[in-house]
Structures are given as structure tokens and as C-alpha cells.
Amino acid sequence: MSGELHVHKVGKAYRKWGSEWSRVGSWLGLPCLPVEEHWVLQDVSFSILPGQAVGVIGQNGAGKSTLLKIITGTTQPTGGTVDRAGRIAAILELGMGFNPDLTGRENAFHSAGLMGYGEAEIHAAMDAIEAFAEIGEYFDQPMRMYSSGMQVRVAFSVATAFRPDLLIVDEALSVGDSYFQHKSFDRIRQFREEGISIMLVTHSMADVKSICDRAILLDKGSVVRDGSPDEVVDFYNALIAQKENAMLSIEQRREKNGWVLTRSGTREATVNSLRLVDAATGEPQSMVRTGQRVRLELEALAHADVPRLVLGYMIRDKQGNVVWGSNTWHTGDVVEDLRPGQRVRYALDFECVLGPGSYSVSPALVSSDTHMLDNYEWVDNLLVFDVMNADRHVFIGSTWLDAKFSVAKGDVDDMPVPHSS
Amino acid sequence: MEQMIKAAWRYRYFILSSIKNELRVRFIRSKLGGLWMIIHPLSQVLIFALILSNVLSAKLPGINNKYAYALYLMAGTLGWSLFAETISRCLTLFIDNGNLMKKMAFPRICLPLIAAGSTTVNNLLLMVAIFMVFAALGHIPDVHVLWLPVLIAINLLLSLGLGLVLGVLNVFMRDLGQVIPVILQITFWLTPVVYNVTMFPENVRHLFNLNPIYPIVKSYQNVLVFGVEPEWGPLLAIVAASCLLMLLALVMFRKAGPEMVDVL
């Protein structure tokens, strides 16, 4: 069985009472009303269907933790309903209730008991918990002797020792050393493959893209986006920029080619045109060969006085991974003192050493090396092009390396040294 | 109500192991370990006995032991300490476990059960110690001592009911946490533990009946020292009141539960 979750119009208000006595009165059924309500979640609805992995993202204070508490049941919603099916395991905080004077094993027993498992079940799982934590004989030492990483290892092992139907993880994947991070990540992946529904709350956009098949963006207590991970993550990035620049506006639409275009900025300077052309002929290209010399041509237009203009590019693959990115700040090609109506033309020449696949170009017009300061215009996935491998031998991956095999064959005694021609 | 019991039953392993851990952790790093649990109350009894026995010993009718006052004092202490300890534990129960309640979904009813369990175990250990001292002083309680488990149950019912109401309120009104220990201290001196009601004139003795813990402590003394049947009348009144208090506590616990997490 796989877990299911339906959140319907959930809202959460923190109430202030004129006097604590009127709060007590309200429990006993007296007609006492709170003087102030502060809503941290409003009208939140979404579902997680069996086997789905959903990422929840949002800035600090967006209501993610409150939502998680409501879903796991530690706090009650003020309005709306949460329907759960299947056994839910929540990793909200690792190492809750650990006692430093007890051993790892005793704490594991205690912690699993807190999750609601009986003695026999815990006994059965204890060997697996010990094996996964990989802390050797420390497992039977008092926990005060542990490093914080070791504590986290035990905590994560216990939390994931039992197979849930719905797993809720809050920021718990980036714990321990990188070896254990990989290991815990693999376990989550393995849960996913076994069809366990997953809800992942994180600030790591890479985790969302690599684990989730859907993402939900919370902002100021409501769901602002619910869709494919790249689309939601792009919108989130634009939203962060918006927080920095009050005048910014955001638009997002899905293009015919399936890529989602996200445009944000103050519009003091905008991209007039962007095209990809063959470097030799100047002909526009939508399909490029691996190894072809091409040029990105962009024309920017100033709508107001722009003291300093920097153009940044980001080339991404279909999964949203950045393949290459840089800007004219780093190359020292900053344009200064633009007046309204003035244009700037940029050309970026490069050899397309990308592997076969679909890629997007996202240009950004900013004033320095980061878009946090002034974001004039940032467009995700403005231009999309495909790369095919026409004249190289077959290879995989997103980058063509100019690599050559040298092979030598011989008997053991007189092995010739292979060398490149 | 039924749900609460079911949930508690499902978490029985957790509750029992928590009680066990709590006791272990307290003494795991001290050489004398569990002995401390007995040394503390006994030293208190000893101090009172040494200081006050000379003043009071002559005024304890009905016992033919020269250590009469010490026996009387220990019997009262046994009853009082369960009451006071349970209330103090419950008072800060939810505040102490605030982080746990915010982060983990588990039946909240486990918390008072763990608290009650661990104070009861403490008290039973104290009881064993007191019986040993009794034997050393040449006093063997008579058959009335069999009423003791009933008295412990009544004591627990009263203190748990009162403690839970206070504990829930304390989450929202933190001044209670400061006031209650003072009130407990006052109540201790208003309860005949270190003195005896017979020291007061007949016409003011009835005032002691206003103290809800008085009939319980008195019954402890009756069955442990004097070999007399507990006075059931006042005790039954206490049981009835405690049941009502417990009901109020459970209602408040249920109603306040969701809000408790929000203010912790």
C-alpha cells in the first residue's frame, strides 16, 4: 500500500486572547472570542497521490513548517481538513528526545518507541539500524561521546528503519558527512522506487529537481505554484529577486516547445531580441551540430537611465542543470551610462561542444555580478535550441570532450606503451 | 476518551521504557545510584526527627515506641511526597516537553502517564526504605497496612487531576509555575506531617478538613503507625472530587491540546 495525502483548504491562525482566562473559557464552551487572529496559512489545498514525490519550497516564514506540523498532526489546522492514508513517517527534526547519557542502542529503542513501534518490531529492526548507522562500537557507548555527525547517523537510521507509506522529510537530507549524505539520499531514492509517497521540504533546489516529480511553492502562507519542479523552481528564483526589488513583476508561461518561460525584472533595460546564429554564415539556427561554431546575438534596450549594464547568460539542459553560465562583469565588458532609448548589441561566440539534447538560454540584464542588486530583466528559457551529434562518434553526456583513445595490444613481457598519434 | 486509552495502549512500550530510562538517567553517573532516591527523603525525615522529636514526642498518644515521632513523621512524608512530587512534575510537564510535542506526532496522553509512572516508582522505593527503617526501629505495621495501595491510588488520582489542570494552565499562564511551589510549601505546613492535630484546641481542628490532602496523609499515618482503619467518609469525598477534577483535566487537556503546541 502506498500513502496518500489530501490537504483541503487548510488554514492556520495563531490567536491572541485579551486575557488567558477567556482562552480557558473558550475550552469550557463559554462565548469567548480571541481579540486577534494571525493567519500563517490560508486556503492551502493540494494532494499527494500514491507513489508521488512532491517537493515543498518557499522562503523562511512562508509557512512550510506549520504546514508540515499540520500534516503530521502535531498541530491542528484552524480550518480545512487533512486526509491521510497509510502509515506516515515524518523526519521533522533528527535526534528528538535523545538522551546523552544513554547509549546509541538505548536511544534508538526510545526513539523508535516514540514513533509508535512496539518492542518486538524494534528488536527486529535493530540490526538494520545499527548496520545503517555505521558507527561501529560507538553504538553501545553513551551518546555524549558521539560527534554531532554520529548522532545524526543514528537518528536518520532509526527514522528510516521502518518502511512508511508516506515519508515526510524536513531538511534532513543534508546531514552528516558527504558519504552519509549520499547514503541517506540513496535511501530516500530507494523508498521512492518502492512506490512510497514522499513529501520533501527543502531549500535545496537541486534536491527538488533530482528527487521530486512535482513541486509546490509556498509564499506568505498560500500555494502560489504547483507544477513541474523546473517551472516552480524558476518561479521561486524570480520571486526571490522580486523581494529584493520592489518594482519587479513576474510573468510565467509555458511555450509551445514545452519549456516554461519566466520573466521578471524592473524593466529599466530589456532584451529586445535574442537569436542563435551560425558563426560563419550568420543564419539563425534552432538545431545545432556538436562542434559547430555558433554565436548568440542579443540586443538590449534601455528604457531609463541605466548607470551600469551587465549581461549574464545561463545555458541549461532539459533537467534544469546549468551547463554553462557567466556574465560581462566577469569578462570586464561592463557598459556604463546608458540613456533611455539607447541600445546595446552583444555577441557571444563559442564552439557548441554540447552533447545531443535540448538546451535553453536564459539571459539576465543586471547591474553587477549578482541579480540581487538590480534585476533589470531576467528571462528563464528565452531561447531554446537542440543539439545533435552529426559528425562525431557516439557519446553520452552533456559535453563533448576532445578525447582520443590510444590502444596498444601485446604480450605481458613487452607491453608497448600506448601513445597518442 | 476511548481513543486516548487505545493510543496509550499502543504506546505502552514507549511509556514503560520512558519511565525506566528516566530512573536510569537520573542515577546512571553517580556511584551510589538509586540509593540517592532514598537518601534524600530519609535525610529530611532525620532532620525533622532530630530537631522536633524532643519538642513533640510526648504529645503523640497511641504509640508505644520510643521512636514514635520518627515513625509518625515518615508515614506522613510518604503520603505528602507522592502528592507534592506528582503536582510539581505535572506543573511543568508540557513546558519541559514542548519541543517534543512540537516536532513529534505521538499521543499526548503518554506524557502524564510517564510522569505519574515515574513518581509512583520513586514513591514505592521510598516506601520500601521506610519499611526498612520501621523494622530497624522495631515497628512492624499491622494488617491495616494492606490499605496502603488504595491510599496510594487515591493520592495519585487527586494529585494527577490537580497537577494536570495546573500543568495545562501553566502553559498559558506561566506565573502559575512560580506560584504553585510556594503554595505547595504553605500547604505542607498546613498539613499535619511534622506536627499532630492533637496539639490544637478541639474547636479549631475542624479547619484541617478544608485541606484536601489532610484526610489522605492522616490515613497514611493511621494505617502505618497507629494501626487504625482509614476514615472512609472524608476519603470518599476526596475520591469523588478527584474524579471530577480528573474529568475537568481531561476535558481541558483535549481542548487545550491543539493550542498548547502553538504557544509552547
Side-chain angles (χ1 to χ4, degrees), chain A residues 12-17 19-21 23-29 34 38 40 65-66 68-78 84 88-97 99-103 106-107 109-123 142 144 159 168 170, chain B residues 6-30 96-108 110-111 114 165-166 168-176 247-264:
Chain A
K12 175 76 186 174
Y14 286 99
R15 292 177 167 151
K16 271 201 184 134
W17 299 79
S19 139
E20 292 297 336
W21 289 112
R23 184 203 293 270
V24 177
S26 76
W27 304 334
L28 302 176
H38 174 60
V40 292
S65 296
T66 309
L68 276 198
K69 283 186 203 161
I70 290 174
I71 289 171
T72 54
T74 59
T75 185
Q76 300 299 315
T78 312
R84 289 162 284 218
I88 293 187
I91 312 180
L92 295 197
E93 194 170 307
L94 286 172
M96 265 330 285
N99 191 306
D101 283 328
L102 296 179
T103 67
E106 288 165 330
N107 271 312
F109 265 102
H110 181 79
S111 194
L114 187 56
M115 289 162 69
Y117 294 96
E119 194 172 6
E121 287 170 288
I122 304 175
H123 264 297
R144 72 187 120 87
I168 299 177
D170 187 9
Chain B
K6 267 190 190 153
W9 177 246
R10 215 158 31 81
Y11 272 71
R12 63 192 181 280
Y13 170 73
F14 174 68
I15 294 171
L16 291 177
S17 84
S18 295
I19 295 171
K20 202 179 77 192
N21 283 345
E22 212 171 278
L23 286 170
R24 283 197 55 202
V25 164
R26 194 129 47 103
F27 303 108
I28 205 169
R29 297 187 70 183
S30 62
D96 293 343
N97 289 294
N99 210 18
L100 198 60
M101 289 172 65
K102 279 200 278 195
K103 299 286 173 154
M104 292 293 296
F106 66 100
R108 306 291 181 243
C110 291
L111 293 175
I114 292 169
V165 171
L166 294 172
V168 171
L169 290 178
N170 189 27
V171 173
F172 305 98
M173 306 171 208
R174 299 289 169 106
D175 296 277
L176 271 180
L247 202 66
L248 175 72
L250 287 180
V251 168
M252 277 176 61
F253 185 65
R254 279 189 64 114
K255 295 271 182 179
E259 280 180 63
M260 217 144 45
V261 180
D262 297 348
V263 299
L264 277 169

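Numbers restart at 1 for each chain; the letters A, B, ... are given by sequence-line order, proteins then strands.
Residue A:L114 touches chain B through both its backbone and its side chain, counting heavy-atom pairs closer than 4.5 Å. Within the 4.5 angstrom heavy-atom criterion, no atom of B:L16 approaches chain A. Only the side chain of A:I122 comes within contact range of chain B, with heavy atoms under 4.5 Å apart. Both the backbone and the side chain of A:F109 come within contact range of chain B, judged by heavy atoms closer than 4.5 Å. Within the 4.5 angstrom heavy-atom criterion, no atom of B:N97 approaches chain A. For B:L248, the part lying under 4.5 angstrom from a heavy atom of chain A is the side chain only. Both the backbone and the side chain of B:F172 have a heavy atom closer than 4.5 Å to some heavy atom of chain A.
For the pair A:H110 and B:F14, the minimum side-chain heavy-atom distance is below 4.5 Å.
Put simply, OH on A:Y14 and CD on B:E259 are 11.5 Å apart, with the number rounded to the nearest 0.5 Å. A:K69 NZ to B:D262 CG: the interatomic distance, rounded to the nearest 0.5 Å, is 8.0 Å.
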Does A:L102 form a side-chain contact (heavy atoms from CB on, under 4.5 Å) with B:N21? I'd like the steps, not just the answer.
CA-CA 8 Å; A:L102 296 179; B:N21 283 345; 3.6 Å; yes

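Between B:R24 and A:D101 there is no salt bridge, since no side-chain N of the basic residue sits under 4.0 Å from a carboxylate O of the acidic one.
Contact tally against chain A (heavy-atom pairs below 4.5 Å) for B:V263, B:L100, B:I15: the top residue is B:L100. Chosen from B:R12, B:M101, B:M104, the residue pairing most often with chain A at heavy-atom distances under 4.5 Å is B:M104. The candidate with the highest count of non-hydrogen atom pairs below 4.5 Å against chain B, out of A:I88, A:T72, A:T75, is A:T75.
Summarising the local packing, CZ of A:R84 is surrounded by more than 12 heavy atoms from other residues, nucleotides or ligands at distances under 6.0 Å.
In this structure, B:K103 and A:T74 approach most closely via the heavy-atom pair C-CG2, 4.0 Å.
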